[in-house]
Amino acid sequence: MGQPEPLTPLAEDWQRALAVVAHPDDLEFGAATAVARWTGQGKQVVYCLLTSGEAGIDGMPPDRARVLREEEQRASAAVVGVDTVEFLGLPDGLLEYGVPLRREVAGVVRRHRPDIVITNNFRDTWDGAYALNQADHIACGRAVLDGVRDAGNRWLFPEQLVDGVEPWPRVREVWAAASPRARHGVDVTATFDRGVASLRAHGAYLSGLGDGGFDAEEFLEGLARPAGTRLGVRYGAAFEVFRLDLA
């Protein structure tokens, strides 16, 4: 077997990023290590969660889980330097790709005016073969790609263009973390520990995974070491890059 394809370093000549994912904890399974690097450079990163993950803890009713998971997500974001966390309140487990979800994404993009939009892997699998992805992740990612482009068209969702909100056609790229088709990456060696702490902040959720013995550091190291090898560093975070046509 040949050597893995090297990752191309991500551009870092930007100032504002918006991260849009389906659930609390989605960003912490890989991307948060990179977010810590970027906030440390003085960049602004905003988190937008489409749901509150209220259906994600088997032994906890959704109304209680919603409150707890929002609290954990805010604490987790703070660990990596993110102080703006929004929850759109859409139904966990039932996200559907379509115009309503595109509208939600376009509205968030127009309000925050990012240079870069970050989301999670939305391919059918995590490994390019057998490890199936989850329906909410797939719907979210597809809606992010289209909603980002919709945000630049003043004739789409014009009801959003009030109180100073304008179309925003200046998103340069969408970055999908942990995609099996990732060809780009970033060195997170210096911020890996903060990423681990950020994931551990989701204590109530993690305690319900498997037999309750989930090890955040071990899991993230399993992602970060291979990505780091492809970058020529100790730890890396890998992303699939989608460049937007600005013509």
**OP:** Over 60° means perpendicular and under 30° means parallel, so classify the ring planes of Phe219 and Phe214, tilted if in between.
**Re:** tilted

**OP:** Using salt bridge (charged side-chain N to carboxylate O under 4.0 Å, His left out) as the criterion, list what pairs up with Asp150, not counting sequence neighbours.
**Re:** Arg102

Subject >> Over-ring placement of Arg69 relative to Tyr205, 6.0 Å and 45° cut-offs >> reply: yes

Subject >> By side chain to side chain donor-acceptor pair (under 3.5 Å) - contacts of Glu173 (at least two apart) >> reply: Trp175, Arg243

Subject >> Minimal non-hydrogen separation, Val20 against Leu50, with atom names >> reply: CG1-CD2, 3.9 Å

Subject >> Student check: side-chain heavy atoms of Arg170 and Arg16 closer than 4.5 Å >> reply: no

Under 3.5 Å donor-acceptor pairs involving side-chain atoms of residues 75-83, not counting sequence neighbours:
{"unit_1": "Ser76", "atom_1": "OG", "unit_2": "Glu28", "atom_2": "OE2", "d": "3.3"}
{"unit_1": "Ser76", "atom_1": "OG", "unit_2": "Ser198", "atom_2": "O", "d": "2.7"}
{"unit_1": "Ser76", "atom_1": "OG", "unit_2": "Ser198", "atom_2": "OG", "d": "2.7"}
{"unit_1": "Ser76", "atom_1": "OG", "unit_2": "His202", "atom_2": "NE2", "d": "3.3"}

Subject >> CD (Gln15) with more than 12 external heavy atoms under 6.0 Å >> reply: yes

Original post:
Can you list the residues that meet the salt bridge (charged side-chain N to carboxylate O under 4.0 Å, His left out) rule with Asp115, with sequence neighbours excluded?
Top reply: none

Subject >> Glu72 side-chain N/O to Ala204 backbone N/O, donor-acceptor pair under 3.5 Å >> reply: yes

Original post:
For Glu159, does the CD atom sit with more than 12 other heavy atoms under 6.0 Å from it, leaving out its own atoms?
Top reply: yes

Original post:
Residues two or more places apart in sequence or in another chain: which of them pass salt bridge (charged side-chain N to carboxylate O under 4.0 Å, His left out) with Glu221?
Top reply: Arg225

Subject >> Any side-chain heavy-atom pair of Asn120 and Phe29 under 4.5 Å >> reply: no

**OP:** Indicate the atoms forming the closest heavy-atom contact of His184 with Pro9, along with that distance.
**Re:** CD2-O, 4.2 Å

Original post:
Excluding sequence neighbours, so at least two apart, what forms salt bridge (charged side-chain N to carboxylate O under 4.0 Å, His left out) with Asp63?
Top reply: Arg66

**OP:** May I ask you to test the Leu101-Leu90 pair for a side-chain heavy-atom distance under 4.5 Å?
**Re:** yes

Original post:
Does the side chain of Ser52 reach to within under 4.5 Å of the side chain of Asp92, using non-hydrogen atoms?
Top reply: no

**OP:** Report the relative orientation of the aromatic rings in Trp38 and Trp14; use parallel for angles under 30°, tilted for 30 to 60°, perpendicular for over 60°.
**Re:** perpendicular

Original post:
Within a strict 4.5 Å, meaning less than it, do heavy atoms of the Asn153 and Pro167 side chains meet?
Top reply: no

**OP:** Could you check if a side-chain atom of Leu145 sits within less than 4.5 angstrom of a side-chain atom of Phe242, using non-hydrogen atoms only?
**Re:** yes

**OP:** Give a yes or no on this: more than 12 heavy atoms of other residues, nucleotides or ligands lie within 6.0 Å of atom CZ of Arg183.
**Re:** yes

